[in-house]
Amino acid sequence: MNDLAGRHLVLGMTGGIAAYKTAELARRLQDHGATVQVVMTEGATHFITPVTMQALTGRPVFTDQWDARQPNNMAHIDLSRAADAIVVVPASADFIAKIAHGLCDDLLTTMCVARACPLLVVPAMNLQMWAHPATQRNARQIADDGVVVLGPASGDQACGEIGSGRMLEPDEILDDLIAFFQPKPMRGRRVLITAGPTREPIDPVRAITNHSSGKMGYAIARAAHEAGAEVTLVSGPTALATPRGVVRIDVETARQMYDVVMREVAGADCFIAVAAVADWHVIDASEHKLKKAGVGSDGPILKFAQNPDILAAVAARPTAPYCVGFAAETEDLHANAESKLARKKVQLIVGNHAHEAFGRDDNALTLYDARGRTTLERADKLVLARQLVAAIAERMATAS
Ligand code: CTP
């Protein structure tokens, strides 16, 4: 993925043991298309050498305000003018304190005060240092000043203690940065999404499910979060990681999914039903494992009852959110999708061919609504998800 293509980032580093993770981050940022200029404080160079960071980024590292390599001797101005953002990883308590007070006693702090681009900081410190009232006050102050503070997380710390102050992992920082640069047409919106398959039990060890991987629903949840929405994801069983910033509620059966959606839907502006929901459940699923001897050689006879239609139920609410359904079809996609649009009384149906979508990393979509048909060409599911979220946001804005 080239999510940061064309982005130039100044990667600031201050003194902290988490600096070793910044080396990995520098690689990951470039894998996603960014160019990276490293600026280190003197403290940072005690934890990792400028040589390491230079080798990883292919650019000379700056550590000194009086660096004669800049012809005008204004590294603090020149380096940040070309940047789309300054990202400080790790950010120490000392650095956050200096930024909160506008101090400029080294190259990095001077650059931050002299910058014309966004500043993001990723704190990393011992839990007592993070919890200290002065650090908390300074962190609040820089956030009020428009600095984006990412993390910190809780967990094991290098000092052997456990608590809040631990730096986010490189992949988490990467995802947050990618999200930072995405447009925000869903800001202020609450979006509820279902994803994945459902699993209907036959007995405690056997179940009926389907081939949905959940990838499309999870990609849409991520894209909606990136677009600025508050996202709740109601998920059937999948092996996928929860997208950053998304609240995930796990369910197994269609009826559990229905109950959770009905509980969560109040206050949602948009409902996107991506889950491949089982249409039926087994009546009287056995409490105990069915034994071959007890069932006989013809196998068990299962009786089914219909599950509630979650999407139709949400769309029928008196204060229904903007409703989006999916139609995964193996034949007659256009006719089936258009009939679902009318039958479920939703604003938008997203159609795809089931055998070209399930389990794959890419997909192609057709949108069906009052405007007619719109095609989103085959692409990676995250790329498509961003296009779909933009299309939904634009339709919601026009509708309200
Ligand atoms: N859906 C739902 N609850 C169900 C069944 C489906 O919310 N019990 C949603 C799906 O998440 C999807 C849309 O309805 O967004 C269409 O699902 P699909 O299974 O294709 O449609 P069905 O209603 O099952 O219709 P058909 O049996 O004709 O395919």
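Indexing begins at 1, ligand by ligand and atom by atom, following the structure's order.
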From OG1 (Thr110) to NZ (Lys98), nearest 0.5 Å
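It is 9.5 Å, given to the nearest 0.5 Å.
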
4.5 Å side-chain heavy-atom contact, Glu264 and Phe271
no

Do Tyr322 and Leu348 have side chains that get closer than 4.5 Å, going by heavy atoms?
yes

Please name the residue in the list His334, His353, Lys340 that meets the side chain to side chain contact (heavy atoms under 4.5 Å, CB included) test with Glu329.
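Answer to the side chain to side chain contact (heavy atoms under 4.5 Å, CB included) test with Glu329 among His334, His353, Lys340: Lys340.
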
Which residue and atom name correspond to the protein heavy atom nearest [atom], and how close is it?
| atom | value |
| --- | --- |
| atom 20 (O) of ligand 1 | Lys340 NZ, 2.5 Å |
| atom 16 (C) of ligand 1 | Phe326 O, 2.9 Å |
| atom 8 (N) of ligand 1 | Pro308 O, 2.9 Å |
| atom 11 (O) of ligand 1 | Ala275 O, 2.7 Å |
| atom 27 (O) of ligand 1 | Asp279 OD2, 3.9 Å |
| atom 3 (N) of ligand 1 | Ile310 N, 3.0 Å |
| atom 6 (C) of ligand 1 | Lys344 NZ, 3.5 Å |

Applying a heavy-atom cut-off of 4.0 Å, say which part of Leu311 lies close to ligand 1: side chain, backbone, both or neither.
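Under 4.0 Å from ligand 1, Leu311 contributes backbone and side-chain atoms.
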
Check each atom of ligand 1 against the heavy atoms of [X] and keep those under 4.0 Å away; list them by number with element.
| X | value |
| --- | --- |
| Ala273 | 11 (O), 12 (C), 15 (O) |
| Gly325 | 15 (O) |
| Arg343 | 25 (O), 28 (O) |

With respect to Asn307, determine whether any N or O atom, backbone or side chain, lies less than 3.5 Å from an N or O atom of ligand 1.
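N/O-N/O distance below 3.5 Å does not exist for this pair.
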
Expected list for residues 115-125: side-chain donor-acceptor pairs under 3.5 angstrom, two or more places apart:
residue	atom	partner	partner atom	Å
Arg115	NE	Cys117	O	2.8
Arg115	NH1	Cys112	O	2.7

Without hydrogens or angle criteria, can the side chains of Gln65 and Asp106 be said to hold a donor-acceptor pair below 3.5 Å?
no

For Arg69, what residues pass the salt bridge (charged side-chain N to carboxylate O under 4.0 Å, His left out) criterion, not counting sequence neighbours?
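Salt bridge (charged side-chain N to carboxylate O under 4.0 Å, His left out) check on Arg69 returns Asp67.
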
Pairing of Asp284 and Lys303 as salt bridge, 4.0 angstrom limit:
no

